[in-house]
Amino acid sequence: MSENNQEPTAGDTPKGDAEMLMDHEYDGIQEYDNPLPRWWVWIFWGSVIWAAGYFVVYHVTKSAPGVHAEYQAELAAAGALAPKTVAATPESLEKAMSDAATVESGKAVFALRCAACHADKGQGLVGPNLTDKHWVHGEGKLTDIHKVVSEGVAAKGMPAWEKQLTPTELVQVVAYVGTLRGKMEAGKAPEGKEVPGN
């Protein structure tokens with residue numbers, strides 16, 4: 001035996017099968033008393049400590065916002081950034097029609113969404129001429145135009161644009177159509193009833 005060899009201590013001695021077996025048995029099946037791996041034990045206790053800390057911070061002291069509070073804050077922030085709805089009153093629509101930038105924006109919306117049926121100058125194609133003094137629905141008031149554009153006229157194939165345009169775009173295009181009244185562009189023959197003053 002070399003000088004480096006040391007006598008094994010009692011703790012180094014591996015347990016025999018008989019010592020490792022637990023004292024219970026079921027249908028001849030016995031269980032070893034194997035200790036859990038250290039890494040597993042550390043993860044277990046770490047999870048317990050983290051869960052306790054989470055419970056105290058989010059449910060007892062509420063010192064940090066929970067998932068629900070964060071969602072509500074993000075919802076409020078998104079609502080603040082959303083475009084504000086312009087009420088469709090005669091006054092607000094008159095004001096929109098008198099604003100050059102709004103009318104110009106409405107002209108762009110009209111060219112994109114309306115010109116296919118009402119032609120580029122509103123002189124009418126499939127849809128009626130918007131520049132004469134005749135109106136099929138309403139009397140050519142801005143609120144009448146807003147109602148037709150918003151709700152559409154299913155029987156005439158006019159879609160309800162309130163489902164496709166933003167409230168701001170809706171007011172812009174109504175303001176632009178309001179400026180077309182009485183321009184008398186050559187185009188589709190008059191339809192509906194004549195409304196003097198338009």
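By convention here, the first residue in the shown sequence is residue 1. Bear in mind that the values here come from a model prediction, so they are computed numbers and not experimental data.
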| said: So does Q123 get a backbone contact from the side chain of N129, meaning a donor-acceptor N/O pair under 3.5 Å? | reply: yes
**Asked** Are V67 and Y71 grouped together when hydrophobic residues (ILVMFWY) are joined by side-chain heavy atoms under 4.5 angstrom apart?
**Response** no
The reported gap from CH2 in W50 to CZ in F55 (rounded to nearest 0.5 angstrom) is 13.0 Å
Checking the side chain of H118 only, and the main-chain atoms of P128 only, is there a donor and an acceptor separated by less than 3.5 Å? yes
**Asked** Hey, does the side chain of T61 reach the backbone of V56 with a donor-acceptor pair shorter than 3.5 angstrom?
**Response** yes
- Message: Assess the residue pair S92 and T89 against the criterion (side chain to side chain donor-acceptor pair (under 3.5 Å)); give the C-alpha distance rounded to whole Å, side-chain angles, the decisive distance to 0.1 Å, and a yes or no.
- Response: CA-CA 5 Å; S92 66; T89 63; 3.0 Å; yes
Output for pair (K95 NZ, T102 OG1), nearest 0.5 Å, gives 9.5 Å
Parallel, tilted or perpendicular: which fits the ring planes of Y54 and Y58, with parallel below 30° and perpendicular above 60°? tilted
Exercise for the section: For the residue pair P90 and L142, establish whether any side-chain heavy-atom pair is separated by less than 4.5 Å. Expected result: no
Closest non-hydrogen contact found for G178 with R181 is O-NE, 2.9 Å
Mind checking whether E31 and L21 have side chains closer than 4.5 Å, heavy atoms only? no
Item to complete: Report, as yes or no, whether the 6.0 Å neighbourhood of atom NZ on K107 holds more than 12 heavy atoms from other residues, nucleotides or ligands.
Response: no
Rounded to the nearest 0.5 angstrom, the CG-CD distance for D132 and E194 is 8.5 Å
**Report entry** hydrophobic_cluster_shared for L36 and M20, side chain cutoff 4.5 Å
**Finding:** no
Quiz prompt | Side chains of V195 and K133 in contact at under 4.5 Å (non-hydrogen atoms) | solution = no
* To do: Please check if Y26 and M22 belong to a single hydrophobic cluster, counting links between Ile, Leu, Val, Met, Phe, Trp and Tyr side chain heavy atoms closer than 4.5 Å.
  => no
Are the side chains of D120 and F110 in touch, meaning some heavy atoms are under 4.5 Å apart? no
Heavy atoms of E185 and T131 approach each other most closely as N-OG1, 2.9 Å
Taking the side chain as every heavy atom from C-beta outward, state whether K193 and E139 have any pair of such atoms under 4.5 Å apart.
yes
Exercise. Step by step, would you call W161 with L170 a side-chain contact (heavy atoms from CB on, under 4.5 Å)?
Worked result: CA-CA 7 Å; W161 287 104; L170 203 60; 4.2 Å; yes
Taking every heavy atom of H146 against every heavy atom of L93, the minimum-distance pair comes out as CB-CD1, 4.1 Å
Requested in this report: Mark yes or no for whether S150, through its side chain, and K147, through its backbone, hold a donor-acceptor pair below 3.5 Å.
Outcome: no
Worksheet item: Is W40 linked to W45 within one hydrophobic cluster, defined over Ile, Leu, Val, Met, Phe, Trp and Tyr using a side-chain heavy-atom separation of less than 4.5 Å?
Response: yes
In terms of heavy-atom contacts, A160 and E151 come closest through CB-O, 3.3 Å
For this session: Kindly indicate whether the side chain of M97, heavy atoms from C-beta on, has any atom under 4.5 Å from the side chain of T179.
Result: yes
Practice item. Find out whether L125 and K188 are in side-chain contact, i.e. whether some heavy atom of one side chain is under 4.5 Å from a heavy atom of the other. Key: no
Scanning both residues in full, the closest heavy-atom pair of A96 with V171 reads CB-CG1, 3.6 Å
Between the CD atom in E70 and the CG atom in L75, the distance rounded to the nearest 0.5 Å is 13.5 Å
On a heavy-atom basis, the closest approach of Q164 and P159 is NE2-CB, 4.0 Å
- Task: Report, as yes or no, whether the 6.0 Å neighbourhood of atom NE2 on H68 holds more than 12 heavy atoms from other residues, nucleotides or ligands.
- Result: no
inquiry  = Less than 4.5 Å apart, side chain to side chain, heavy atoms only: is that true for V173 and R113?
reply    = no
* Is there a path from V41 to F44 through hydrophobic residues (I, L, V, M, F, W, Y) whose side chains come within less than 4.5 Å of each other? -> yes
inquiry  = For the backbone of P167 and the side chain of E169, can you confirm whether one donor and one acceptor N or O come within less than 3.5 Å of each other?
reply    = no
